[in-house]
Amino acid sequence: MRPGRIVADLKVVTRSYLRNPVALFFSLLFPIILIALFGLIFSGVGNSPVTVQVLNLDDNSHVSQEFLSALNNTSAVKVVVVSTNASDFASWLGQNDDPVGLVVPDGFAANYSARETTVVTVYTDPEDAQDSGVVLGAVQGVANAFNLRAANGTEIVGLDEKNVGSQVFSYIDYLIPGLIGFSILTSPMFSMVDVAASYRKDGIFRQLSLTPLTRAEWLTSHFLWYMGLTFVTAGIMIGAGVVLFGAHVNVTVGLIPFLIVGPLFFVSLGMLAGSVAKTPESAALIGNIITFPMMFLSGTFFQVSAFPAALQSFAHILPLYYVIDGMNQVMLFSNTSRAFYDVLIVLVGAIVIFLLAIRFFTWRDE
Amino acid sequence: MADAIVVDHLVKRYGPLAAVAGVSFHVPAGSVFSFLGPNGAGKTTTTEILEGLRRATDGHVSVLGLDPWTEAAELHRRIGVIPQDFRFFEKITPREAVEYYGSLFGTQPRPDELLERVQLADKAASRFDTLSGGQKQKLGLALALTNRPEICFLDEPTTGLDPTARRAIWDVIRSLKSDGVTVFLTTHYLEEAELLADQVAIIHHGRIIASGTPSEIISAHGRPERLRFQAPPALADYLRPRLGLPVTVADGRVEVELSQKSDALRVLSAVEASGLPWQTFSTVQDTLEDVFVRLVGQMDDGTLKSEEAAA
Ligand SMILES: Nc1ncnc2c1ncn2[C@@H]1O[C@H](COP(=O)(O)OP(=O)(O)OP(=O)(O)O)[C@@H](O)[C@H]1O
Ligand SMILES: [Mg+2]
């Protein structure tokens, strides 16, 4: 591999792309459209936090207040502390406009300090499953955080409710890593499949085979292009998510490995798919068969943890799942060890696919 | 002179079709070799085997002493190629294309000079998809020259070019030859081959049916020189019994085949003696094109065997 040749080819790729105004326009606008569209559809009207009526039976202890303010800070919920009779709380809620409630029990602070189980109760409204889910998720998340802080993960603060959809973050927060993953998948897959088939048909590969450019160099320059595009796209998506919907995501260096190994994987996979196909039509078909399941089932628009079990196991064999899960770990949960494990899986896969792609893609006829 | 290209009993099959059916020839280094043949004769197939783009089914080929298929990488540094139907990245300009090739080959071509040489300087900054067919061909030639090749393979480089542009390409081919570059030229313009080529081979149905210098081929396969008169057919009837030479009438012209130079005077005296009116007369000689058409026609009739079959 000669850097000079890779750079020369990268220049050609870049120029070809930048001189195609329609493609350029869409690749820059598409991320914004996606964020806007899914942000609007799924974050409900106005994306305002769900109001939760809180009955604090722990005499406004310091720990309970800390718990409630952490809950408020998730921005998924708005805590309104009320004072009403504990026994009437459920019926009182039923008459309220915002009938989702939380009860912090007496002795919360004391039990917490003594590391004994204490249970907060969430009252949900069956008629508004979405709001209820948000509150449940938020409470669960904050409870988890407290558990971890207090006792290295031993559950001390438990949550007494069914229907747990763990959502401490709002939909838009998950949407950002999901859609970055979506574009890591789709933009190289669709165009590499097309490039592989049409360059062969048009004799461009034959032309390149007459130069010292190697297939590995050619694939590398394409990878570099899509990596660059991914960085730009991710930047746009994060920006749009934050500006339009007030998303809360961590943008750290931990994100970078995913923006590198992701494109490496899918540029290679697209090339592989395009190479095994005989015609541009069958190449497009193979590309779609590979892409579509991943597009929806890897945690792009919908979280994998919300899937039925069978579908979840299926998601776990999809490479994009690990890209998106890893970005979730980095951007939302600050769980570096899990992210490291994810990036390792994708990296190993990417190297294998890259080598296979080089092996299978020939640029001259036998 | 050493041979730049040696082809020995080359066979290429596409399924049941033998596109190249046992072809042998060799091209001395520094010469211009022209490969002729009707559509589908097997020219591109042979050429691409020599370029290392296709794999021979059987036989032996050697280009610059290399096996084109297994030693393609080494070969490609040393040859220049214009494929038939040359295509390139649509959004890239000729200048950028030359620079790109320069970087890939590690040569430093001067793009403007090179594009000037193929008469494409005025389009140096236009994108490939806006070039005309002929301009694209010219870029193909420029790219074939970026690595200062030892052999240039040109598969129909002048097809679709206007007469001026074609002459510019001829000049490039001549200058390549004077620089000692071997040129392997495929063309359907037989005057081009006649003008430029040291050696010619005519291939048909995957077999070589004639080879040699253009004049060797013409004298071996062409008809004798003829005297042609613009005259009424009656002249033919008058001449036939008197001369003992073949006399033909075609398109209002009477032609007499000469078996030797001195026949010319006999024919002229006889024509004069006939008292019949005639306007102009001229001598006619078969061109390579005439020979080509005749040979291909005879081969299709089955009255001609290929050289290999004959040998
Ligand atoms: N890839 C291929 N698969 C099957 N048959 C092929 C293939 N390439 C060429 N042929 C066949 O081989 C024969 C020779 O083709 P080739 O391209 O070598 O002809 P050619 O002499 O270059 O013709 P032209 O003057 O039209 O360019 C033709 O009958 C063609 O149909
Ligand atoms: Mg051809």
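Values below: every heavy atom of this structure, side chains too, minus hydrogens, waters and symmetry copies. Since the model is a prediction, treat every value here as computed from it, not as a measurement.
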Under 4.5 Å heavy-atom distance to chain A, tell me which part of [X] shows up: side chain, backbone, both or neither.
{"X": "B/T57", "result": "neither"}
{"X": "B/R77", "result": "side chain"}
{"X": "B/D85", "result": "backbone"}
{"X": "B/E74", "result": "neither"}

Largest heavy-atom contact set with chain B, pairs under 4.5 Å, which of A/R2, A/K11, A/R15, A/E217: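 Option with the greatest count: A/R15.
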Residue selection (most heavy-atom pairs with chain B, distance under 4.5 Å) from A/T211, A/L210, A/L208, A/D202: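 Highest number of pairs under 4.5 Å: A/L210.
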B/T186 and B/Q84: side chain donor to acceptor below 3.5 Å: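 The answer is no; no qualifying pair exists.
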Residue among B/G102, B/G106, B/A97, B/P83 with most heavy-atom pairs under 4.5 Å to chain A: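 Going by pairs under 4.5 Å, I would pick B/P83.
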Validation row, ring centre A/Y226 to ring centre A/F266 under 6.0 Å: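 No.
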Within the 6.0 Å centroid threshold, strictly below: A/F223 and A/F354: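 Ring-ring flag for A/F223/A/F354: false, centres at least 6.0 Å apart.
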Cationic tip of B/K136 above B/F128 ring, under 6.0 Å, 45° of axis: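 Yes, a cation-pi geometry.
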Main-chain N/O of B/E156 paired to B/Q137 side chain as donor or acceptor, under 3.5 Å: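 Yes; judged by distance alone, with no hydrogens or angles, the pair exists.
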Chain B contact via A/Y199 - which portion, at a heavy-atom distance below 4.5 Å: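 Only the side chain of A/Y199 comes within 4.5 Å of chain B.
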Atom CZ of B/R174 with >12 non-hydrogen neighbours under 6.0 angstrom: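 Yes.
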